[in-house]
Amino acid sequence: MTALITGATGNIGRRLVNDLLRRGVGVRALSRDPARADLPVGVGVVEGSLGSVPPAAFDEVDSVFVFPAEEGIETFVDGAVSAGVSRFVVLSSLAVSGRNERDAGSASALHHRVIEDAVTSRTDDYTILRPGNLATNLLFWGFPIRSGYPVRIPYPDSSQVLLHEADVAAVAAIALTAAERVGQVVELTGPASLTKVEQLATISAAIGRDVPYVEISAEEFRAEMAQYMPADIVEMLLRYWSDTLTQPEAPLAAPLGITATPLSQWAIDHRGAFTD
Ligand SMILES: NC(=O)c1ccc[n+]([C@@H]2O[C@H](COP(=O)([O-])OP(=O)(O)OC[C@H]3O[C@@H](n4cnc5c(N)ncnc54)[C@H](OP(=O)(O)O)[C@@H]3O)[C@@H](O)[C@H]2O)c1
């Protein structure tokens with residue numbers, strides 16, 4: 001069995017590649033910059049982006065993991081379908097499920113809907129993964145924590161569920177390799193709801209020192225983020241946090257027999273991002 005993994009050099013993709021190798025699956029990886037891909041020996045790295053995959057990259061490929069880049073997604077799926085790929089596992093987002101009113105029309109829902117449609121309009125052989133809030137979002141706190149600055153947090157008592165990227169990779173590996181397709185839509189979240197203060201305390205415990213924070217207003221967050229983040233993403237985040245202040249986010253049951261990883265383990269796995 002051979003799988004073609006797009007986004008293979010990313011947080012989820014690297015873990016997925018390793019999961020598949022452990023399962024004895026042949027792995028081909030797509031990267032825009034193979035010289036810097038740094039993937040394990042035995043992985044065939046193909047240069048390209050979704051819209052520019054060399055046709056030979058699909059030779060003998062049974063399944064593909066689709067990273068959600070809008071540019072080139074239709075060309076990619078057309079190429080894979082023509083080459084006879086019989087399973088598509090697609091990275092989407094829980095925002096598409098519309099579980100919360102705030103998700104309707106959000107930047108994430110709109111973007112990932114385009115990705116899903118590009119696949120579902122071309123094949124029925126798909127499993128769409130809809131992960132919730134990834135704990136990798138907390139890497140944003142890496143710079144102030146490493147530098148000893150207080151972390152500047154709006155809505156510190158809002159409560160969210162954070163998902164280890166390893167769990168997404170584990171579910172993707174199952175979906176790519178199971179004898180029968182595991183379902184057309186798989187939703188997944190982390191195991192528990194934690195306030196931002198608790199999230200910070202979890203990182204503090206992992207690195208063995210207190211991390212101070214200061215509460216900032218939504219307006220201050222908007223102003224500070226203006227140079228780093230598109231405005232629609234900033235608004236999506238503020239809405240998420242203000243909603244989960246009054247109504248803590250609730251976890252979903254973990255799918256496909258996996259056990260969702262606690263944030264304490266994620267913080268240990270990422271200690272290096274928060275220490276010098
Ligand atoms: N943040 C959240 O809470 C959340 C929630 C639900 C879903 N998601 C989805 O999960 C994604 C993040 O996954 P991740 O952390 O594994 O990603 P990541 O670490 O940002 O890595 C993405 C990899 O994909 C490749 N890539 C990026 N843009 C590309 C493009 N336009 N065309 C082709 N390849 C491209 C890059 O590899 P090369 O440079 O080697 O080509 C990169 O290493 C988000 O983008 C979002 O769609 C996020």
Side-chain angles (χ1 to χ4, degrees), residues 4-19 27-40 43-54 57 64-77 79-80 89-100 102-103 106-116 118-119 128-142 160-173 185-190 199 229-230 232-234 236-237 239-241 244 249 252 263 266 269-270 273:
L4 173 65
I5 310 303
T6 66
T9 61
N11 297 306
I12 296 167
R14 278 189 193 281
R15 289 177 180 273
L16 174 58
V17 165
N18 284 316
D19 281 2
V27 179
R28 203 167 290 159
L30 184 72
S31 171
R32 294 163 304 174
D33 190 356
R36 296 175 60 178
D38 193 25
L39 287 163
V43 174
V45 184
V46 176
E47 181 169 355
S49 60
L50 291 189
S52 64
V53 180
V64 293
F65 178 71
V66 183
F67 181 82
E70 272 186 50
E71 198 183 332
I73 181 76
E74 300 188 344
T75 308
F76 178 83
V77 182
V89 176
V90 183
L91 179 61
S92 181
S93 165
L94 194 59
V96 179
S97 293
R99 286 176 166 272
N100 302 292
R102 64 175 172 269
D103 293 330
S106 72
S108 182
L110 294 175
H111 166 67
H112 291 99
R113 173 58 76 191
V114 169
I115 302 299
E116 291 193 9
V119 177
I128 288 173
L129 308 184
R130 290 182 178 164
N133 187 22
L134 290 172
T136 46
N137 294 329
L138 299 186
L139 295 173
F140 185 68
W141 290 344
Q160 297 89 32
V161 178
L162 290 135
L163 171 61
H164 198 313
E165 64 278 12
D167 295 348
V168 185
V171 168
V185 174
V186 176
E187 299 178 331
L188 65 161
T189 71
Q199 295 164 28
M229 248 183 222
D232 57 349
I233 305 285
V234 172
M236 181 179 78
L237 291 174
R239 177 94 193 266
Y240 177 38
W241 298 331
T244 52
E249 188 176 21
L252 301 176
L263 189 67
W266 181 89
D269 293 344
H270 292 272

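Because the structure is a prediction, the values reported are computed rather than measured. As the structure lists them, so they are numbered: ligands from 1, and atoms in each ligand from 1.
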Just heavy atoms, cut-off under 4.0 Å: does [X] contact ligand 1 by side chain, backbone, both, or neither?
| X | answer |
| --- | --- |
| His112 | side chain |
| Thr6 | neither |
| Asn137 | side chain |

Checklist line | Side-chain H-bond candidate by donor/acceptor type, Glu187 with Ser97, under 3.5 Å | finding: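 Yes.
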
Margin query: Any nitrogen or oxygen of His111, side chain or backbone, less than 3.5 Å from one on ligand 1?
Written below: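 Looking only at distances, the answer is no, because the N/O contact criterion of under 3.5 Å is not met.
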
Check: Any N or O on Ile12 sitting closer than 3.5 Å to an N or O of ligand 1?
Finding: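 It does: an N or O of Ile12 is found under 3.5 Å from an N or O of ligand 1.
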
Notebook entry, point to check: Short check: is a protein heavy atom less than 4.0 Å from atom 20 (O) of ligand 1?
Noted result: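 There is no protein heavy atom less than 4.0 Å from atom 20 (O) of ligand 1.
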
Please could you name the atoms of ligand 1 that [X] approaches to less than 4.0 Å, counting only its heavy atoms?
| X | value |
| --- | --- |
| Ser92 | 6 (C), 7 (C) |
| Pro131 | 5 (C), 6 (C), 7 (C) |
| Pro68 | 47 (O) |

Margin query: Quick test of your reading of the model: are Arg130 and Glu116 salt-bridged, counting only N-O distances below 4.0 Å?
Written below: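 The answer is yes: the pair qualifies as a salt bridge.
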
Check: Heavy atoms, side chains only, cut-off 4.5 Å: are Leu91 and Pro131 in contact?
Finding: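 When only atoms from C-beta onward are counted, Pro131 and Leu91 do touch, with a gap below 4.5 Å.
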
Check: Are any non-hydrogen side-chain atoms of Leu39 and Thr9 less than 4.5 angstrom apart?
Finding: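 In short, these two side chains touch, coming nearer than 4.5 Å.
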
Margin query: Can you classify the ring geometry of His164 versus His270 as parallel (below 30°), tilted (30 to 60°) or perpendicular (above 60°)?
Written below: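 Because their plane-to-plane angle lies in the 30° to 60° range, the rings of His164 and His270 count as tilted.
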
Next item on the list: For atom 22 (C) of ligand 1, state which one of Phe76, Tyr240, Phe67 supplies the nearest heavy atom.
Entry: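 Considering heavy atoms of Phe76, Tyr240, Phe67, the nearest to atom 22 (C) of ligand 1 sits in Phe67.
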
